[in-house]
Protein chains: 2
Amino acid sequence: MKKEINCPLNFTMSLIGTKWKPLVLFHLLEGGLRSGILQKKIPGISNKMFTQTVRELEKDGLIKRTIFPVVPPKVEYKLSSKGESLEAILRNLDQWGLDNSKN
Amino acid sequence: MKKEINCPLNFTMSLIGTKWKPLVLFHLLEGGLRSGILQKKIPGISNKMFTQTVRELEKDGLIKRTIFPVVPPKVEYKLSSKGESLEAILRNLDQWGLDNSKN
DNA sequence: CAGAATCCGAAGCGATACTG
DNA sequence: CAGTATCGCTTCGGATTCTG
């Protein structure tokens, strides 16, 4: 059973519409980050969800994963050009939240 | 257990980050619609999810629900000003999907 | 350090039947 | 016509444990 896409908007949401994906992408806007550093920037995310999230983002071509063959292991994540094209959307979502989360 | 908000972006996603919410909002951009009409514009949505979705959008102040005391029953949904402020985001999400869903 | 594996409860969602 | 109630499957997500 595949995801049903009713309109382009739905396609976009199928790629970034989860709890953590927008957050991961957002923190990569300023440049690539080592795995541990990226994860620390996202308070509350579990190890499992972090791995799962970056795996799916990579599969969908939004981020690139680079493995450095060193000890201890080092992995870096960065936005792909496709991921970078989401910048305006991500910043808009963040700005809207800023403007509307006044308690 | 409440939703955890790590950054403004997350707040926005907590309001519109589901399968159907963006679609409902998107179809209301052109103006208010009667319940049945709105639902028909969203192929695949079940009756339950339609009701649940508009209820939450109303609770969060993104849409307004107007009941006309007539027979048969008539209910109309329209964007609130807060909902209208999402227009740019919704159109961007749709446009990005259009640009990136080329098979 | 990066992340895979497992267990389990919570939430999302659809199908169906029913009400005023 | 608009909406509610219920059942049950699927997916999401957290805690914990384990590996190279």
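Order of the sequence lines sets the chain letters (A, B, ...), proteins ahead of strands, with each chain counted from 1.
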Side chain to side chain donor-acceptor pair (under 3.5 Å) with [X]: which residues, sequence neighbours excluded?
X	result
B/Q52	none
B/S85	A/W96
A/Q39	none

Rounded to whole Å, please give me the gap between [atom1] in [X] and [atom2] in [N].
X	N	atom1	atom2	value
A/Q52	D/dT11	CD	P	12 Å
A/M13	D/dC12	CE	P	13 Å
B/M49	D/dC9	CE	P	19 Å
B/Q39	D/dC1	CD	P	11 Å
B/I42	C/dG14	CD1	P	11 Å

Which residue pairs pass the salt bridge (charged side-chain N to carboxylate O under 4.0 Å, His left out) test when at least one of the two sits in [range], sequence neighbours left out?
range	answer
residues 61-81 of chain B	none
residues 49-60 of chain B	B/K21-B/E56
residues 25-43 of chain B	B/E30-B/R91

Encode nucleotides 2-7 of chain C as B, S and - characters from 5' to 3', where the letter depends on protein heavy atoms closer than 4.0 Å: B to the base, S only to sugar-phosphate, - to neither.
SBS-BB
Residues that, via side-chain heavy atoms closer than 4.5 angstrom, fall in one hydrophobic cluster with A/V70:
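A/F68, all in the cluster of A/V70.
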Bending between helix ends of the helix from C/dC1-D/dG20 to C/dG20-D/dC1 [5 pairs per end, 10° resolution]
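Helix axis angle between the two ends: 40°.
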Could you report the tightest heavy-atom contact between A/L86 and A/I16, atom names first, then the distance?
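Scanning both residues, the minimum pair turns out to be CD1-CG2, 3.9 Å.
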